[in-house]
Every structure is written in structure tokens, then in C-alpha cells.
Amino acid sequence: MIVGAGQAGSDAAAALRMAGHQGPITLIGDEPHLPYSRPPLSKAFLLGEVDEGGLILRSAESYRDHEIEILTEARVSSLNSIERHVVLEDGTTVPYDKLILATGGRPRSLPNPELSAARNVFTLRSARDASLIRQHLSQARRIVVVGGGYIGLEMASVARSLGVDVTLLETNPRLLSRVTSPVVSGFFRQLHQDEGVEIRLNACIDKFETDDAGNFESLYLTDGTKIEADFLIAGIGLVPNTELALGAGLKVDNGILVNEYLQTSNPDIYAIGDVARYPDQQHGGLSRLESVPNASAQARRVAANLTGDCLPFNSVPWFWSDQFDVKLQVVGLSRGYDELVVRPDPSRARAITVFYLKGGVVISADIANSPKDFAFAKKLVAAGAVVDSALLANAAIPLRDLVPLPASI
Ligand code: FAD
């Protein structure tokens, strides 16, 4: 049984069948839709380039053909790991043999609950959230985005592309501060400013005003600046949905803790995707990643582990983000880097390639608008390549000529 019918849950169900699992598979999700892809929610869907049907990961026939029973609008309210069953909100008990938790996360709320509760203050996680935002965007002239992370920046990009004025508030002194280096933060700040986004760093909301109907109208920053807007979107991070695991006594710490085989503290229960915090073979320590490639790779690994090909999860993380005409692609995690190499290439507009090294080893790269560089950077990171940083910085030398890599990578 799989609880959570999102990217990881749907991919795990499909991967189990691909791996030859013969027994029943039940995929339980609380949303009204079949499992769908979330990345377009802050991109093509908001731009009106794709509708809800276009987000669906697999058709109803595909689940049927593979004998995957899928329950939608079915929220699991508790998990009994002794009796091996889950209980749905309507009281139905569903037994399991092995359980995969793929419950994802929910958007972090603004610290001010009254502001969060205003009728035109939104967060973005689900297709429902995106539909609501799309509706409001079509009538808006100006909006406030709180949060200079990927979701906030993608929202700002979409809104500007639709001709809406955007003020983006970030409490930190730079954008994307949690995930990248100052040089890449600077690149995105310039991009957004060039496109007319008003960026306010070190920005703290002091107070806000609503109308009689409870709609947010304006806010004041602590420096006294007043900002008026038609609505506000907060993109300030994710809270993993760990309640079921906690209730069942599983170990939880900023995510459901799993071992290298993706097993929770109960060996018959696995956790994958945004909710799972795992021992990171690549970077050391524990990681909990919020990305489609991670959800899919863990889904495939857990399916293999459950069908006999039991190996530790060890996948090189990667990620992408689309903002205006820039596609950022990231491989590896840059945390703990001791050297940063910018590979300049003046021939490409709105492009940047930055490598992160630790002890001479390439551990990560942030690459904007250069899919060729990205394809090779993935290989360098996967191989743990040791590269001379002076050569890496020399854009005249093709990346493929820098180090001989084994053919298997
Ligand atoms: P989810 O896809 O969130 O699925 C979890 C499901 O479990 C949800 O449907 C939830 O409702 C359900 N659930 C939770 N609790 C219960 C319960 N008790 N009972 C039943 N069901 C339950 N990643 C990228 O790599 N690139 C991008 O560009 C990118 N853009 C994104 C843009 C947006 C707007 C968002 C929201 C995410 C984006 N991501 C992106 C992240 C990516 O979508 C997630 O990492 C991925 O969806 C994680 O999959 P998951 O299955 O772990 O969680």
C-alpha cells in the first residue's frame, strides 16, 4: 500500500509493477485528481499554457491496466503499525503488508496567522491552489510575493510575464540564500530586476491592512515602506507531512527518518519523496530533498528494494527551475563547498555556469541556459571528478576535454 498519491506515490506504484511485483497495490490520496505533476503549477499552468488534464502523470486506464487500485479524495487519518492497517477519514480500515509513505508536504504559513487567513493571501502546492491563483492573476494589476526561493521567484516571473506588477519580499540579504551561492543569487536578482520585479531584500513585514470583507490590501515593512497589492502569495518553504508517521511512533525529525534502504524505524514501512529524510551517501549527513527527480529516484529504489534487488539509495540529486527565459539546472548539493568556479561565457545571454568543489572534487553545479554544460556537469558530479579549477574556469576548453570519465557514467 502507498499513502500519498503524488509524484513519489504514483511513480512507486508504476515502478513496483515494472519490477515484477505481483501482489495488490493500493494507492491512497486525499486530492480529488489522479496523481499529477506539480512543477507546471508555478509555470505553464499559471500562464494558461496547460490545463489540469495536462498535468496528470498517468491515465486512469494505465492504473487499471497495471492493476493499481487508486483511491482519490481519501484522506488517511491514522496508521496502526502493530495491526498493519490505515484508517481513512470516513472510518474505513485498509490493511497492508508493506507500506510506503509518500505524503509530501504543505506550504509553510506566514508567521502572522491573521495575514495568512486573509481571503486573498495564497500559498501554492496543489492544483486547487494554482487554479485559485490563476483566477486572481487574470484580474490583478499588482501583487506581493513573500519569499525569494524557487517558488516565489517562479511566481514573480509568471506574474510579470502576464503584465502584473510584482514586489518580492525576502527577509534574507539575498535571493535563494538557502540553496545557492551569492554569485547565483546575484544573477537571479539581476534577471528579475531587468524584468521589472521590485525586489526588497532584508524585508520584514511590520503590519498589514485588510478591507471590511477580510481582503488583504496593503502592508508596511519595518522600514515604514507601504506596499499595496491586489493579493499576496507566500512561498516560504515546506512543512513535511509527518503526522501519520508521528502518530504511529515512527522516528521523525524534519521529515520521516529512513535508513539507506528508505525504511523508516519500522522496517515494514518505507518513506519516499519530499517527506523522507535519508542518509545522504553523496554529501554526508541527512538530506530531505524537494524535487521531482528525487521523488522518482526514491520511488524506483523502494520498488526495487521491495521486490528483492535490495540496495542503498544513492542517487545524484538534480533539479530545475524556469524563470522568464532562463532554465536553471542544478546537479548535486553545494553545501560545504570550499571552492567556487564561475565559468564565464560572454557569447551566451542570460547564462551562467558555476561549479562547486570540495577538496578539489566537483560536488555540484548551477547552470543557467546551457543544457550542454549541464549534461556534462552531471557526469562530473556523478564521477566525483577531481578537476583543476583554473581549467574549469576556462570556457575555451570544452568540459568534455577536462577529465576522462568512465564510459559507464
Ligand atoms: P507530493 O507530490 O506533494 O504528493 C504527496 C501527496 O500525498 C499529496 O497529494 C498529498 O495531498 C497526499 N497526502 C498527504 N497526506 C495524506 C494523507 N494523510 N492521506 C492521503 N493523502 C495524503 N520539483 C522539481 O524538481 N522541479 C521544479 O521545477 C519544481 N517545481 C515545483 C513547483 C511547485 C509549485 C511545487 C508545489 C513543487 C515543485 N517541485 C519541483 C517539487 C516537486 O513537485 C515535489 O518535489 C514532488 O511533487 C514531491 O513528490 P511527493 O510525492 O513527495 O509529494
Side-chain angles (χ1 to χ4, degrees), residues 30-33 36 38 40-52 55 72-73 75 89 104-171 192 195-239 241 243:
D30 58 358
E31 294 191 71
H33 323 270
Y36 59 89
R38 288 179 206 277
L41 295 181
S42 51
K43 309 173 184 78
F45 182 83
L46 283 186
L47 287 168
E49 294 167 358
V50 64
D51 60 13
E52 282 186 8
L55 303 175
T72 52
E73 286 185 281
R75 184 164 180 76
E89 238 169 22
R106 57 186 178 274
R108 189 180 302 286
S109 302
L110 288 163
N112 186 327
E114 284 160 27
L115 180 55
S116 279
R119 287 160 48 135
N120 54 348
V121 168
F122 305 113
T123 54
L124 176 54
R125 181 71 188 175
S126 65
R128 190 177 164 276
D129 299 334
S131 297
L132 209 60
I133 293 170
R134 187 156 94 168
Q135 216 176 306
H136 278 74
L137 261 181
S138 65
Q139 291 153 20
R141 281 185 306 118
R142 55 193 170 178
I143 66 166
V144 180
V145 175
V146 180
Y150 287 122
I151 301 264
L153 291 172
E154 289 187 355
M155 278 301 318
S157 153
V158 164
R160 281 303 300 138
S161 306
L162 295 171
V164 176
D165 288 344
V166 180
T167 305
L168 185 137
L169 309 179
E170 167 57 55
T171 50
H192 280 259
E195 294 285 349
V197 178
E198 189 185 342
I199 295 178
R200 290 182 171 264
L201 303 173
N202 301 305
C204 292
I205 300 173
D206 182 25
K207 55 186 179 182
F208 65 97
E209 292 168 335
T210 54
D211 65 13
D212 293 342
N215 289 301
F216 160 80
E217 282 191 327
S218 60
L219 58 79
Y220 290 85
L221 300 180
T222 44
D223 69 3
T225 311
K226 180 177 184 182
I227 299 167
E228 293 176 303
D230 296 314
F231 68 90
L232 181 152
I233 297 181
I236 55 170
L238 179 110
V239 179
N241 290 327
E243 290 75 8

Gap separating the [atom1] atom of [X] from the [atom2] atom of [Y], nearest 0.5 angstrom:
X: Asn112; Y: Ile205; atom1: CG; atom2: CD1; answer: 8.0 Å
X: Ile227; Y: Asp165; atom1: CD1; atom2: CG; answer: 12.5 Å
X: Glu73; Y: His33; atom1: CD; atom2: NE2; answer: 8.5 Å
X: Ile236; Y: Arg108; atom1: CD1; atom2: CZ; answer: 7.0 Å
X: Leu201; Y: Thr171; atom1: CG; atom2: OG1; answer: 9.5 Å

Test of understanding: with side chain to side chain contact (heavy atoms under 4.5 Å, CB included), list the residues that count as partners of Leu47, not counting sequence neighbours.
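Checked Leu47 against side chain to side chain contact (heavy atoms under 4.5 Å, CB included); matches are Glu49, Val158, Ser161, Leu162.
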Would you confirm whether Arg160, through its side chain, and Val164, through its main-chain N or O, come within 3.5 Å as a donor-acceptor pair?
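Between the backbone of Val164 and the side chain of Arg160 there is a qualifying donor-acceptor contact (under 3.5 Å).
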Has the side chain of Glu170 got a donor or acceptor atom that lies under 3.5 Å from a matching backbone atom of Gly148?
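Yes, Glu170 side chain to Gly148 backbone: donor-acceptor pair under 3.5 Å.
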Among residues at least two apart in sequence or on other chains, which ones pass side-chain hydrogen bond (donor to acceptor under 3.5 Å, both in side chains) with Ser42?
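Partners of Ser42 by the side-chain hydrogen bond (donor to acceptor under 3.5 Å, both in side chains) criterion, ordered by chain and then number, come out as Glu154.
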Strictly by ring pair (Phe, Tyr, Trp, His ring centres under 6.0 Å), give each pair with a member in residues 207-229 just once, sequence neighbours left out.
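Listed by first then second residue: nothing to list.
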Under 3.5 Å, is there a donor-acceptor pair between the Thr210 and Glu217 side chains?
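Not at all, the side chains of Thr210 and Glu217 share no donor-acceptor pair under 3.5 Å.
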Check step by step if side chain to side chain contact (heavy atoms under 4.5 Å, CB included) holds for Leu55 and Val50.
CA-CA 7 Å; Leu55 303 175; Val50 64; 4.2 Å; yes
Residues Glu31, Arg75: salt bridge by 4.0 Å N-O rule:
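Salt bridge flag = no for Arg75 with Glu31.
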